[in-house]
2 protein chains.
Amino acid sequence: MTAGRPDVTLGPVSFYSPGQTAEKTGFSLDTLRYYEKIGLLGEIDRTAAGRRRFSEDDIGWLGMLRCLRETGMPIADMLRFSELARDGDDETIPDRIALLEAHDRYVEERMVTLRAQQRHIQDKIRYYRDLVAGT
Amino acid sequence: MTAGRPDVTLGPVSFYSPGQTAEKTGFSLDTLRYYEKIGLLGEIDRTAAGRRRFSEDDIGWLGMLRCLRETGMPIADMLRFSELARDGDDETIPDRIALLEAHDRYVEERMVTLRAQQRHIQDKIRYYRDLVAGT
DNA sequence: AGTTGACCTGGAGTGCGCTCCAGAATGCAG
DNA sequence: CTGCATTCTGGAGCGCACTCCAGGTCAACT
C-alpha cells in the first residue's frame, strides 16, 4: 500500500491498487468508485477476485479529470467529455477541442474577475490599515 | 422595481427596496433574506409596514460579501467577518485585517494553481490539434 | 488457523448554499 | 375600488458532489 510504485503482479503492465491510485491522484477511494459508477472512468480493469486495477492511462485520465474538476467544470460536462473520449472515435476530436476551448475561456474569464476581486479585498485591507494608522 | 434609483420616500437618506437591491447586487431576493436571517447583514431597516429598506451602506456591504463569496470564502468565515464588522469595535480591526489577508493569500494561491491547470488544458487542446493535423 | 487490513457492493446520508412554496398583507396604477 | 405586483414569514425542498455505512470477501503475514 505504500504509495507510488505500481504492482506488476499480473502481467507486464503496471497497475495500481485503489489505495495507490487514491494517493497518486488525490481522489478518495469513494470518489474513484463514484466516478467509475457515473461513467467518468469507463470500466476499470479487475483482478480475478474483482478488485480494481488502475492502469497508467487511468491515472493520466484521472489527472485530467482532476484538472477539469478543480477549475470548476461541472460533473455533467466532464461526463460529456468522457463519453467523447471513450468513444475514441477521431470524429469526436473536434468536439473535445471545442469543449476544452470553451472551458479554457471560462477559466481565463474567471482569473480576470478573480484578479479584480482580489484588488477589492486588498483595497479593503488598505482601508482598515489606514483606519488603524490614523488613530 | 425599475432599477438603480433609490427611493427617498422616507427621510433624507436613500433607500432601496428588496427588488432594487437584488438588481444592484446580483443577489436574489431569497438570498438577501437568507443572508439577513443567518446574520451576514445584521438587522435591515424596515418601513412601517415591515418591508425592508436597504441603505447605501447595506449595498456596499453586500458588494463586499459578494466579492468574498465569489472568491470562494465559505459562509461560515463571512459570518465571522460580519460579526467583527458589526461590533464596529476598533479592537476588531486587526482581526478583520488578518482575516482578509488570509483570504487574499488564498485567492493568490488559487490563481497560481488555476494558471497551471489552464496550461494543462491548453496542452491537451494542442495535443488534440496535433492529432487532427497528423491525419 | 487466525488476525489484520485493503477492498467489494448497494444504498443511505451529508453539507453547503441557496431556492421554492403557501398563504397573507401592502402598495400603487388606472 | 379593482387588480396586479411586490413583499412578508416560516419552513420545506433541492442540486451538487461527494461521503459514509453495513455486511461481506479476499490476501497476506505469523
Side-chain angles (χ1 to χ4, degrees), chain A residues 1-10 15-41 43-54 58 62 65-82 106, chain B residues 1-10 15-41 43-54 58 62 65-82 106:
Chain A
M1 87 281 296
T2 63
R5 279 129 274 150
D7 281 336
V8 200
T9 347
L10 281 151
F15 288 108
Y16 296 88
S17 74
Q20 290 171 331
T21 307
E23 244 182 282
K24 272 184 86 77
T25 63
F27 288 118
S28 76
L29 290 171
D30 275 321
T31 300
L32 290 173
R33 285 190 211 108
Y34 170 67
Y35 276 12
E36 186 187 2
K37 183 160 62 178
I38 64 173
L40 285 179
L41 291 181
E43 294 266 300
I44 296 295
D45 237 53
R46 303 295 182 116
T47 67
R51 295 173 172 209
R52 289 175 183 79
R53 296 184 323 172
F54 293 85
D58 292 331
L62 282 165
L65 290 182
R66 187 148 199 79
C67 175
L68 295 176
R69 191 70 204 80
E70 290 196 339
T71 48
M73 183 181 286
I75 297 260
D77 293 5
M78 287 167 48
L79 204 48
R80 167 121 182 86
F81 184 56
S82 302
Y106 166 80
Chain B
M1 85 288 293
T2 62
R5 281 127 272 153
D7 280 336
V8 201
T9 346
L10 281 152
F15 288 108
Y16 297 87
S17 75
Q20 290 172 330
T21 307
E23 245 182 281
K24 272 184 87 77
T25 64
F27 288 119
S28 75
L29 290 171
D30 275 322
T31 299
L32 291 174
R33 283 193 273 269
Y34 170 67
Y35 276 12
E36 186 187 1
K37 181 159 64 179
I38 64 173
L40 284 179
L41 291 180
E43 294 266 298
I44 296 295
D45 238 53
R46 303 296 183 113
T47 66
R51 293 173 171 206
R52 291 176 182 78
R53 297 184 322 174
F54 292 85
D58 292 331
L62 282 164
L65 290 181
R66 188 150 197 76
C67 174
L68 296 177
R69 191 72 204 78
E70 289 196 340
T71 48
M73 181 180 288
I75 298 260
D77 294 4
M78 287 167 47
L79 204 47
R80 165 123 183 85
F81 184 56
S82 302
Y106 166 80

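Model, not experiment: these values are computed from the prediction. Every chain is numbered from 1 and lettered A, B, ... according to where its sequence line falls, protein lines coming before strand lines.
- Here salt bridge (Lys or Arg N to Asp or Glu O under 4.0 Å) pairs that include residues 68-79 of chain A, with residues two or more places apart or in two chains, are R66(A)-E70(A).
- By the side-chain contact (heavy atoms from CB on, under 4.5 Å) test, R80(B) is found to be paired with L84(B), D95(B), L99(B), residues two or more places apart in sequence or in another chain being considered.
- Atom CZ of F15(B) is separated from atom C1' of dT6(D) by 19 Å (rounded to the nearest Å).
- Applying the side-chain contact (heavy atoms from CB on, under 4.5 Å) rule to R33(A) yields the partners L29(A), D30(A), R52(A); only residues at least two apart in sequence or on another chain are considered.
- What separates CE of M78(B) from P of dG17(C) is a distance of 8 Å, to the nearest Å.
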What's touching nucleotides 24-27 of chain C from the protein side, N or O pairs under 3.5 Å?
from, atom 1, to, atom 2, distance (Å)
dT26(C), O4', R51(B), NH2, 3.4
dT26(C), O2, R51(B), NH2, 3.1

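- Atom CD1 of I44(A) is separated from atom P of dT9(C) by 12 Å (rounded to the nearest Å).
- In this view, F27(A) and Y35(A) satisfy the ring-ring contact (aromatic ring centres under 6.0 Å, His included) rule, not counting sequence neighbours.
- Residues that satisfy the side chain to side chain donor-acceptor pair (under 3.5 Å) test with S82(B), not counting sequence neighbours, are absent from this structure.
- Residues passing the side chain to side chain donor-acceptor pair (under 3.5 Å) test with T25(A), sequence neighbours excluded: none.
- L41(B) is not listed as a side-chain neighbour of D58(B), based on a closest heavy-atom distance of 4.5 Å or more.
- Computed from coordinates, the L32(B) CG to dT7(D) P distance equals 10 Å when rounded to whole Å.
- For the pair I38(A) CD1 and dG11(C) C1', the interatomic distance rounds to 16 Å; values are reported in whole Å.
- Here dC26(D) presents its P atom at 17 Å from CZ of R53(A), a figure rounded to the nearest Å.
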### Task
Output, in order, the C-alpha distance, side-chain angles, deciding distance and verdict of side chain to side chain contact (heavy atoms under 4.5 Å, CB included) for L32(B) and T21(B).
CA-CA 9 Å; L32(B) 291 174; T21(B) 307; 3.9 Å; yes
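- Contact check, S17(A) against dC7(C): a side-chain N or O comes under 4.0 Å of OP1 or OP2.
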### Message
Base contacts versus sugar-phosphate-only contacts with protein, heavy atoms under 4.0 Å: please encode nucleotides 9-20 of chain D as B, S and - from 5' to 3'.
### Response
B-------BBBB
